[in-house]
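One structure is given below, encoded as structure tokens.
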2 protein chains.
Amino acid sequence: MDTLPQPEGTRLALIEAGLRLFGQQGFAATSVRQIALAAGANIAAIAYHFGGKDGLRLACAEEFGRRMSSAMTTSPGRPASTAAEARAALQDILRAMLGFLLGDRGAGALVPFMLRELAENGPGVDLVYRSFAEPTHSRLCTLWALASGHDPASTDTRLIVFTLIGQIMYFRIGQPVVTRRMGWDTYGPDQIDQIARQISRNLDAMLGFDPEG
Amino acid sequence: MDTLPQPEGTRLALIEAGLRLFGQQGFAATSVRQIALAAGANIAAIAYHFGGKDGLRLACAEEFGRRMSSAMTTSPGRPASTAAEARAALQDILRAMLGFLLGDRGAGALVPFMLRELAENGPGVDLVYRSFAEPTHSRLCTLWALASGHDPASTDTRLIVFTLIGQIMYFRIGQPVVTRRMGWDTYGPDQIDQIARQISRNLDAMLGFDPEG
DNA sequence: GTCTATAAACAGATAGAC
DNA sequence: GTCTATCTGTTTATAGAC
């Protein structure tokens, strides 16, 4: 069976520009003219390749899903079979999520696009869920259950994992508030490290783990 | 000295409609025609009263700040002078924040408007910060310091408080993801209670407090 | 203060040449 | 597949009557 064709040439350039501009400005605030200009393509190319602005948005969401799925499967993640290993794996994943969401490189246009789709409840939410939110949450549930001794499928476990994820996500979504209140210009490596250490301490506390012991 | 005049009549109706529609659809996706129609006013009234669409947006942000400041000063908040009282006050405030962000009544159009301004990094961010984010964070820092015995002005305290706030905010921002993963239709009283209890347990764990002891 | 009418710019979509 | 030119509708803003 064939795999979905990878976008290339003009088509890819338009998707690239769409991911970036939709993410930066939002869907409604971005015109197809602006996208075509940024992509070095003609305005009519959008209708030709995607049927219109809505089609381009969907193609961007599909490209997001493709890249995210690939990033998820190639991410390291040491295997965990004991509670201590699961705790270490949790720390790793939460740290990686923080770097992915707050770091200036790597994520590129993907994170802003994802957050816009989520905030606007756009047609890309479904792909964001399936390619990123669900796999991440599911994986964290398994590890949390192993680390804490609880049921991975229970309501409590799923809620706890969302509180873990929320701690991280907020530093991205509330960025203008956080940086202003902390007196930071932006999130540099030092700031990300400080945040990561705090989230790590919170996880230990929630697991009833005493790092001093 | 005079206080700022309270909007009334057409002016207030336009602000009310703006708060609601900007919050629901975003700034760029909302036309002044739509707002005038929803307010039962004439299209030209927006230019007359606010100078244009941007002016209306700012007036909405000012109204947001006014209502939020008033809600903040009238909110209960038992006085705390011991660590145990501070812990109880923290639980109260976090619970109230959750109800404010997730509940269908009370907040009304304010929460969606605030989140849109934040997501779009609009001109209202400054007022959101001064009227809501800063006072809330500041108050929580004081209580956390009292409950934990740490310095209220330290970097760690401020970061910890943001992790508390983030746990709550995410359940609103990530609502489509959370409800889907939890198998919930929406956030009802039962769901909010479950979330509140989990956040309460997390706070206890972070404070090193054992509810069984 | 509120209205109608309209201006001027812009949006997305498309026809048709190449 | 890519281009120019244009169509059609909508946007915000404004002029001017009342």
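These figures come from a predicted structure and were not determined experimentally. Note on naming: letters A, B, ... go to the chains in the order of the sequence lines (proteins, then strands), and numbering restarts at 1 for each one.
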B/Phe22/B/Phe27 aromatic ring centres below 6.0 Å: yes

Between [options], which nucleotide gets closest to the side-chain atoms of [X]?
| X | options | result |
| --- | --- | --- |
| B/Tyr48 | D/dT14, D/dT6, C/dT2 | C/dT2 |
| B/Asn42 | C/dT2, D/dC3, C/dC3 | C/dC3 |
| A/Thr10 | C/dA13, D/dT2, C/dT14 | D/dT2 |
| A/Ser31 | C/dA11, C/dT14, D/dT14 | C/dA11 |
| B/His49 | D/dT2, C/dT2, C/dA11 | C/dT2 |

Sugar-phosphate only, base, or nothing, as touched by A/Ala44 at under 4.0 Å among non-hydrogen atoms: base

Touch class at under 4.0 angstrom, heavy-atom based, for A/Ala45 against every strand present: nothing

[X] [atom1] to [N] [atom2]: how many Å, rounded?
| X | N | atom1 | atom2 | value |
| --- | --- | --- | --- | --- |
| B/Ile43 | D/dA13 | CD1 | C1' | 11 Å |
| A/Leu56 | C/dA13 | CG | P | 10 Å |
| A/Arg57 | C/dA13 | CZ | P | 13 Å |
| A/Ile35 | C/dC10 | CD1 | C1' | 15 Å |
| B/Ile46 | D/dT11 | CD1 | P | 12 Å |
| B/Lys53 | D/dT14 | NZ | C1' | 17 Å |
| A/Arg11 | D/dT2 | CZ | C1' | 15 Å |

Residue pair B/Met169 / B/Leu101, side-chain heavy-atom distance below 4.5 Å: yes

Aromatic plane relationship, A/Phe100 with A/Phe132 - under 30° parallel, 30 to 60° tilted, over 60° perpendicular: tilted

Whether B/Phe171 and A/Phe162 hold their rings parallel, tilted or perpendicular, with breakpoints at 30° and 60°: perpendicular

A/Asp92 and A/Arg87 ion-paired at < 4.0 Å: no

